[in-house]
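Here is the structure we will look at.
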Amino acid sequence: MTETKEPWSLVRLKKIGDPARGFLSPVETQSDVPFKINRVYFIYGANDPKAERGGHSHLKTEQVFFCVTGQVAFHLDDGENQQDIFMGESPNIGLYIPPGVWHTMDNFSHSTVIVALASERYNESDYIRSYDEFLKKVSKHA
Ligand code: TYD
């Protein structure tokens with residue numbers, strides 16, 4: 001029997017503080033996330049309820065996504081395993097997505113802000129934007 005295990009995972013940051021003064025969640029490179037952070041970007045202002053983002057996989061880039069306010073649904077697919085992960089209400093919980101995972105995002109609220117930490121600087125040649133090409137790339141029988 002072949003064992004399958006999703007390559008993505010949740011990252012739990014420290015949540016320092018209390019409800020009166022608020023909380024602080026630090027991220028230190030290579031310890032709180034499993035890579036050296038070379039890029040940070042934000043996704044926000046998705047006003048169309050049908051908005052969909054992502055729709056690609058990466059060759060090398062590792063990322064952790066934090067939904068710091070609002071909500072979002074991530075749909076993950078490594079060619080073998082699929083999972084939907086809903087994020088919101090917990091800014092200290094991140095979603096680690098390694099290379100080779102097709103990911104899309106939807107179900108944004110007006111207030112949604114996603115903070116993404118990435119292992120590589122932006123490079124379009126690191127993207128696979130065709131699902132067929134992705135499946136060929138990850139297929140164990142190719
Ligand atoms: P893309 O990664 O396709 O966004 P999403 O997956 O959220 O739909 O990027 C959208 C555009 O922004 C695309 O033209 C590339 C550009 N971009 C950068 O210039 N730098 C970056 O770090 C990122 C993530 C995207």
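Reckoned from all heavy atoms, side chains included, excluding hydrogens, waters and symmetry mates. For ligands, and for the atoms within them, numbers begin at 1 and follow the listed sequence.
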Closest protein heavy atom (residue, atom, distance) for atom 7 (O) of ligand 1: Arg53 NE, 2.8 Å

Protein contact of atom 8 (O) of ligand 1 - nearest heavy atom, named by residue and atom, plus distance: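 Looking only at protein heavy atoms, the one closest to atom 8 (O) of ligand 1 is Gly54 N, 3.2 Å.
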
If I apply the N/O under 3.5 Å rule, does [X] come out as touching ligand 1?
X      : value
Tyr127 : yes
Ile43  : no
Arg129 : yes
Tyr122 : no

Heavy atom of His56, distance to ligand 1 below 4.0 Å: yes

Interatomic spacing from CG in Asn107 to NE2 in His75 - rounded to 0.5 Å: 6.0 Å

Residues [X] and [Y]: side-chain donor-acceptor under 3.5 angstrom:
X      : Y      : value
Asn38  : Glu120 : no
Asn123 : Ser125 : yes
Glu124 : Tyr122 : yes

Heavy-atom protein contact below 4.0 Å for atom 3 (O) of ligand 1: yes

Contact bool for atom 12 (O) of ligand 1 (protein heavy atom, d < 4.0 Å): no

Flag if over 12 foreign heavy atoms under 6.0 Å of CD, Gln30: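 Atom CD in Gln30 is crowded, with more than 12 foreign heavy atoms closer than 6.0 Å.
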
Tyr41, OH atom: more than 12 neighbouring heavy atoms under 6.0 Å: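 Result for OH/Tyr41: enclosed.
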
Arg39, portion touching ligand 1 at heavy-atom distance under 4.0 Å: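 Within the 4.0 Å criterion, Arg39 contacts ligand 1 through side-chain atoms alone.
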
NZ/NE/NH1/NH2 to OD/OE distance under 4.0 Å, Glu28 and Lys14: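 Looking at Glu28 and Lys14, the cut-off is not met.
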
